[in-house]
Amino acid sequence: MSDYKTMDKIFDVIIAEAASIAAENLGRNMPEPEAAEFSKEHEATMQKLFSKERKKLFYKKVLKYSKRAAVFLLAVIILSGITVFSLEAWRVKVLNFVIETSQTHSEINFREGGLKGDSYTSDEITLGYIPKGYKLEKRDVKGNMVSLVFKGEKYYFVFSMNNISGSMGIDTENASVKKIIINDQEALYSSNSNINILVWHDEKFSYRLSGTLDEKEMMQIAGSVKK
Amino acid sequence: MLLLSIENKVDLLKAERLYEQYKYLMYSEANKILQDRHLAEDAVQQSFVKIIYNLHKIDEINCPRTRNFLVIICVNTAKNIYKKCLHLNKRGDTIDGIDADMADTGNDPLDILADKDSVKQITRAIEALNPIYRDVLLLKQAYGYGPKEIAELLEIPEETIKKRLARARKTLTRVLEKEGIK
């Protein structure tokens, strides 16, 4: 930096400091005004102004909070992956599930009367097939649910297994959803531009795969679960 | 919803408290320029429309800095009303002798930075500036507004604001040069 530019920068710093002091001094040295009598029209106008601005501010804040709420809701939906709700987790439900698909989500209901699943630790669950480039990143157990997270170069996929229970909802808005067969049981495959989801089950457990893997790879993984 | 109401109430109180605190001062300053009671009231009203949108710039209600800020807004609003009334929309304010090129005097920048008298002299020079230059300079340097924001606040074209800022700076440079500091 040339001396000329350095001088300019320093001069700006001095001006900024001096300006703050000057603003204080000027405000302090202003003479005290005499009280004046304002017209009724003026006072009414001021009150109207404050009232109008209060309303504007109110609507602005409502809009701001609404946007935040919408973003929060979207984040919750994305972060939660596919599970939206699960009912009566400890009750024993059955094998066959009934898939009801609406425009925004699909609901999978397990009929009562089935077998209660055994308890597994995460170490006892493995996948016989793992797509090339992916490695196990994390194992997690929450209640009856075992989750395995696999990390690839760019993307993750998540496998989870749970006792058959209650119902399961998945976000299938703007997704193509189809029923397929895995191990002679009805399964659901959902696909949209961001994420693919496969949900299937056996006699005791429901399984879920989510990630960017295609249908073929997901089917291969589904056929390779060892426990 | 309750939270929103409370927050609005706080904001409103701030604006109203500012009005109660400075209405006489603003009116008095506006009236000095306009010499008309009703026009001075108009200036106060129009000033508050602007102030309400700039409440975030005001931290403390009762302090010289806020007092000066409100007076800058009100005086400039009064000037605009005056100009409109008299159809005087002059542009291109001038000050004699400030267009001279700056010369590098060869002083050591660190000496200037360390010299507290430089700040004092510049402070005095700013206070003595013609208000049309001083106001824009203070809004930029003391209150953190950009040229575009100042233009909106004072209802003056942005180009004029930039010219005034440049002229204010040159005037201050000249002061320092006279004192042999720059």
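The structure displayed is predicted, hence computed values, not measured ones. Order of the sequence lines fixes the chain letters, A, B, ..., with proteins taken first and strands second; residue numbering starts at 1 for each chain.
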Q: Under the side-chain contact (heavy atoms from CB on, under 4.5 Å) rule, what do B:Arg65 and A:Ser20 come out as? Steps first, then yes or no, please.
A: CA-CA 8 Å; B:Arg65 184 183 163 84; A:Ser20 286; 4.2 Å; yes
Side chain, backbone, both or neither of [X] within contact of chain A (heavy atoms, under 4.5 Å):
| X | result |
| --- | --- |
| B:Arg124 | neither |
| B:Thr123 | both |
| B:Lys23 | both |
| B:Phe69 | neither |
| B:Ile52 | side chain |

About how many Å separate [atom2] of [Y] and [atom1] of [X], when rounded to the nearest 0.5 Å?
| X | Y | atom1 | atom2 | result |
| --- | --- | --- | --- | --- |
| A:Ile15 | B:Leu137 | CD1 | CG | 6.5 Å |
| B:Lys120 | A:Ile14 | NZ | CD1 | 14.0 Å |
| A:Met46 | B:Glu16 | CE | CD | 9.0 Å |
| B:Asn31 | A:Glu34 | CG | CD | 11.0 Å |

Q.
Less than 3.5 Å apart, any donor N or O on the side chain of B:Glu127 or A:Asn25 sitting next to an acceptor on the other?
A.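 Looking only at side-chain atoms, A:Asn25 and B:Glu127 do form a donor-acceptor pair, the distance falling under 3.5 Å.
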Q. Just checking, is any N or O donor in the side chain of A:Ser39 or B:Glu41 under 3.5 Å from an acceptor N or O on the other one?
A.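 The criterion, which ignores hydrogens and geometry beyond distance, is satisfied for B:Glu41 and A:Ser39.
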(Q) Tell me if the CD atom of A:Glu37 is crowded by more than 12 foreign heavy atoms within 6.0 Å. (A)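 Count not over threshold, so no.
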Q. Could you go step by step and tell me if A:Ile21 and B:Ile122 meet the side-chain contact (heavy atoms from CB on, under 4.5 Å) rule?
A. CA-CA 10 Å; A:Ile21 299 168; B:Ile122 291 291; over 6 Å; no
Q: Report the relative orientation of the aromatic rings in B:Tyr24 and A:Phe38; use parallel for angles under 30°, tilted for 30 to 60°, perpendicular for over 60°.
A: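 Geometry flag for A:Phe38 against B:Tyr24: parallel rings.
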(Q) Is the ring pair A:Phe50/B:Phe48 parallel, tilted or perpendicular, if the boundaries are 30 and 60 degrees? (A)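 The arrangement is perpendicular - the two ring planes meet at more than 60°.
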Q.
Quick check: closest heavy atoms across B:Gln45 and A:Thr45, and the distance to 0.1 Å?
A.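 Distance-wise, the nearest heavy atoms are OE1-CG2, 3.4 Å.
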Q.
To check you understand the geometry: which heavy-atom pair defines the closest contact between B:Asn68 and A:Ala23, and what is its length?
A.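 Residues B:Asn68 and A:Ala23, closest heavy atoms: CB-O, 3.4 Å.
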Q | Trace of the side-chain contact (heavy atoms from CB on, under 4.5 Å) decision for A:Met30 with B:Leu25 | A | CA-CA 9 Å; A:Met30 274 175 202; B:Leu25 178 64; 4.0 Å; yes
Q: Could you please spell out the steps behind the side-chain contact (heavy atoms from CB on, under 4.5 Å) verdict for B:Val71 and A:Leu26?
A: CA-CA 10 Å; B:Val71 167; A:Leu26 289 164; over 6 Å; no
**Q.** Side-chain donor or acceptor of B:Arg67 paired with backbone N/O of A:Gly27 under 3.5 Å
**A.**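 Checking the backbone N and O of A:Gly27 against the side chain of B:Arg67, a donor-acceptor pair under 3.5 Å is found.
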Q: State, with a plain yes or no, whether a side-chain heavy atom of B:Val44 is found less than 4.5 Å away from one of A:His42.
A: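 Counting from C-beta outward, B:Val44 and A:His42 do come under 4.5 Å.
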